[in-house]
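Chain letters run A, B, ... following the sequence lines, proteins first, then strands; residues in each count from 1.
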Amino acid sequence: MPELPENEAQRLTLERECLHRTIEAAELGENITHIDLPGDNELGRLKGRQFTETRRHGKNIFLGSKSGPWITVHLGMSGWLIPYDAPEPEPDHTKFRIVFEGDRRLAFRCPRKLGHVKIVDDPDAYISAQDLGPGALAMDRDVFTDFIGGSKAAIKSALMDQNRIAGIGNLWSDEILFQTGRDPASRGSDLDDQTLDTLFDTMRAALSKGVDVEADYSRLPDDWLIPNRKDGEPCPRTGCGGSLTHHKVGGRTAYYCPVHQS
DNA sequence: GTGATTGTTAGTAA
DNA sequence: ATTACTAACAATCA
């Protein structure tokens, strides 16, 4: 379930659970055809080292140290990083694991195999090679408003364009547009300057709150979309009175309220 | 069986 | 050249 807030929560978990422990081994799991994982040579480079820092850019998580190497993880659609202590059982669908000295383990669970793990020497070089845009919570207002204001694509698709804004996916784009009161299929180029500013502020506030609650949706406000994101639910916006519905925008399912989002 | 899923990307079209 | 849209990827679930 990984967009910017979820990935940031994962980074925090790694920060708390996986630093300053000597790596005994890095290993592949079972049933790993069709998933992008490091080869044996790469795995060997991790042995004997310690991770000392974490980073995140958009939906990409990095775990490493000044002198490298780093591992970078993308969770894909269903990936999750799970620290645990032996002899607790390893999670199902573990595709990659790190064995730390002592009992600590880190499992990369990825049942749908759309995530990946790579070994990289320099996170910054990796980020620029991937052509990722600036992180949604790190970017300047002008860069955001220039891009959205000049985009003829559906505004939902523009918000999710990782090459321009890194970190926003299907759920959080819906949330941002719900709070801004815009139809997900509308065009960014149709927005006036004031609305673009509001959209930027709303994006920052929504994602920041998601980060604050460590992506625990039960701790999001009741009048937000995500905790109510289901067909036929009453629109949670106070006094709106509409009903939530959905349709396809840019190949993804967009949930929205047809009454207050235009 | 049908259609859906919180993501990315190769290929195509404009 | 740039931008926008679609289908495909793999596994699971309703």
Side-chain angles (χ1 to χ4, degrees), chain A residues 1-11 28-37 56-61 72-82 91-96 108-118 126-127 129-133 135-136 146-178 184-190 203 206-207 209-211 213-220 224-232 244-256:
Chain A
M1 322 129 60
E3 299 179 40
L4 189 151
E6 293 78 11
N7 275 282
E8 179 61 12
Q10 285 270 270
R11 187 197 64 77
L28 302 182
E30 303 300 310
N31 186 18
I32 52 170
T33 51
H34 301 119
I35 177 168
D36 189 5
L37 297 170
R56 180 190 58 75
H57 186 97
K59 302 174 186 173
N60 298 267
I61 299 170
T72 182
V73 177
H74 195 294
L75 300 172
M77 207 83 125
S78 60
W80 211 242
L81 290 162
I82 304 162
D92 289 347
H93 304 286
T94 292
K95 306 302 180 190
F96 173 83
F108 175 54
R109 178 176 194 273
C110 194
R112 241 186 277 167
K113 297 180 172 178
L114 291 174
H116 66 236
V117 177
K118 295 173 190 293
Y126 179 77
I127 290 162
Q130 297 294 111
D131 270 322
L132 292 169
D146 285 356
F147 164 55
I148 299 291
S151 166
K152 280 178 59 188
I155 190 164
K156 176 181 175 65
S157 303
L159 288 171
M160 293 195 300
D161 183 347
Q162 302 302 302
N163 298 320
R164 307 304 297 268
I165 305 171
I168 300 172
N170 201 23
L171 262 60
W172 287 92
S173 62
D174 279 356
E175 184 68 57
I176 292 162
L177 293 167
F178 174 87
S186 63
R187 319 264 139 176
S189 53
D190 292 335
M203 171 189 75
L207 294 177
K209 178 71 179 176
V211 169
V213 302
E214 295 182 27
D216 176 353
Y217 298 158
S218 70
R219 293 165 65 197
L220 291 177
W224 282 27
L225 175 71
I226 287 178
N228 301 284
R229 192 176 177 276
K230 219 175 111 185
D231 250 358
L244 300 184
T245 182
H246 71 90
H247 59 75
K248 292 279 183 196
V249 176
R252 308 302 301 280
T253 306
Y255 282 81
Y256 73 110

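Here A:T253 lies in heavy-atom contact (under 4.0 Å) with sugar-phosphate atoms only. Contacts of A:K248 with the nucleic acid, taken as non-hydrogen atoms under 4.0 Å apart, involve only primed sugar atoms and P, OP1 or OP2.
Both A:Q130 and A:N170 lie near DNA chain B, and the one whose nearest nucleotide falls closer to the 5' end is A:N170.
Across the protein-nucleic acid pair, A:N7 atom CG and B:dT8 atom P stand 9 Å apart, rounded to whole Å. Atom pair A:K59:NZ and B:dT6:C1' shows a separation of 8 Å (rounding to whole Å applied). Atom CG of A:N163 is separated from atom C1' of B:dG7 by 13 Å (rounded to the nearest Å). Here the C1' atom of nucleotide B:dT5 and the CG atom of A:D174 are 13 Å apart, to the nearest Å. When the C1' atom of B:dA4 is taken as reference, atom NE2 of A:H247 falls 17 Å away, rounded to whole Å. One interatomic measurement links the two molecules: OH of A:Y126 to C1' of B:dT8, which rounds to 11 Å at whole-angstrom precision. Straight-line distance from the CE atom of A:M160 to the P atom of B:dT5: 11 Å, rounded to whole Å. In this structure, CD1 of A:I165 is placed 14 Å from P of B:dG7, rounded to the nearest angstrom.
Checked against side-chain hydrogen bond (donor to acceptor under 3.5 Å, both in side chains), A:N31 has the following partners two or more places apart in sequence or in another chain: A:K113. Considering only residues two or more places apart in sequence or on other chains, A:R56 meets the salt bridge (Lys or Arg N to Asp or Glu O under 4.0 Å) condition with A:E8.
A donor-acceptor pair shorter than 3.5 Å cannot be found between the side chains of A:K152 and A:S189. For the residue pair A:Y255 and A:E175, no side-chain donor N or O sits within less than 3.5 Å of a side-chain acceptor on the partner.
Taking atom P in both C:dA10 and B:dG11, one finds a spacing of 15 Å when rounded to whole Å. The P atoms of C:dA4 and B:dT6 are separated by 22 Å, rounded to the nearest whole Å.
Of the residues in residues 109-116 of chain A, those with a non-hydrogen atom less than 4.0 angstrom from any atom of DNA chain B are A:R112, A:L114.
Put simply, CZ on A:R109 and CH2 on A:W80 are 11.5 Å apart, with the number rounded to the nearest 0.5 Å. Note: A:L177 CG to A:I168 CD1 = 9.0 Å, rounded to the nearest 0.5 Å.
Along DNA chain C, the stretch of nucleotides lying under 4.0 Å from any heavy atom of chain A spans, 5' to 3', C:dA4 to C:dT12.
Closest approach of A:L75 and A:C110 over heavy atoms only: O-SG, 4.4 Å. The two atoms that bring A:W172 and A:A206 nearest to each other are CZ3-O, 3.4 Å, heavy atoms only.
Note on ring orientation: taking the six-membered ring where Trp is involved, the planes of A:H116 and A:H74 are tilted (angle from 30° to 60°).
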(request) List the steps and the verdict of ring pair (Phe, Tyr, Trp, His ring centres under 6.0 Å) for A:H247 and A:Y256. (result) CA-CA 9 Å; A:H247 59 75; A:Y256 73 110; 5.0 Å; yes

(message) The test is side-chain contact (heavy atoms from CB on, under 4.5 Å); show your working for A:Q10 and A:V73 and say whether it passes.
(response) CA-CA 10 Å; A:Q10 285 270 270; A:V73 177; over 6 Å; no

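Of the listed residues (A:I127, A:L132, A:N7), just one forms a side chain to side chain contact (heavy atoms under 4.5 Å, CB included) with A:N60, and that residue is A:L132. Screening A:I176, A:D174, A:L220, A:L171 against A:L225 for a side chain to side chain contact (heavy atoms under 4.5 Å, CB included) leaves a single residue, A:D174.
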So which protein N/O to nucleotides 11-13 of chain B N/O distances come out below 3.5 Å?
none

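In this structure, the side chain of A:R219 engages the main chain of A:V213 through a donor-acceptor pair within 3.5 Å.
Base-pairing analysis of DNA chain C finds the following stems of at least three consecutive Watson-Crick or G-U pairs, with both pairing distances under 3.5 Å: B:2-5 with C:11-14, B:7-14 with C:2-9.
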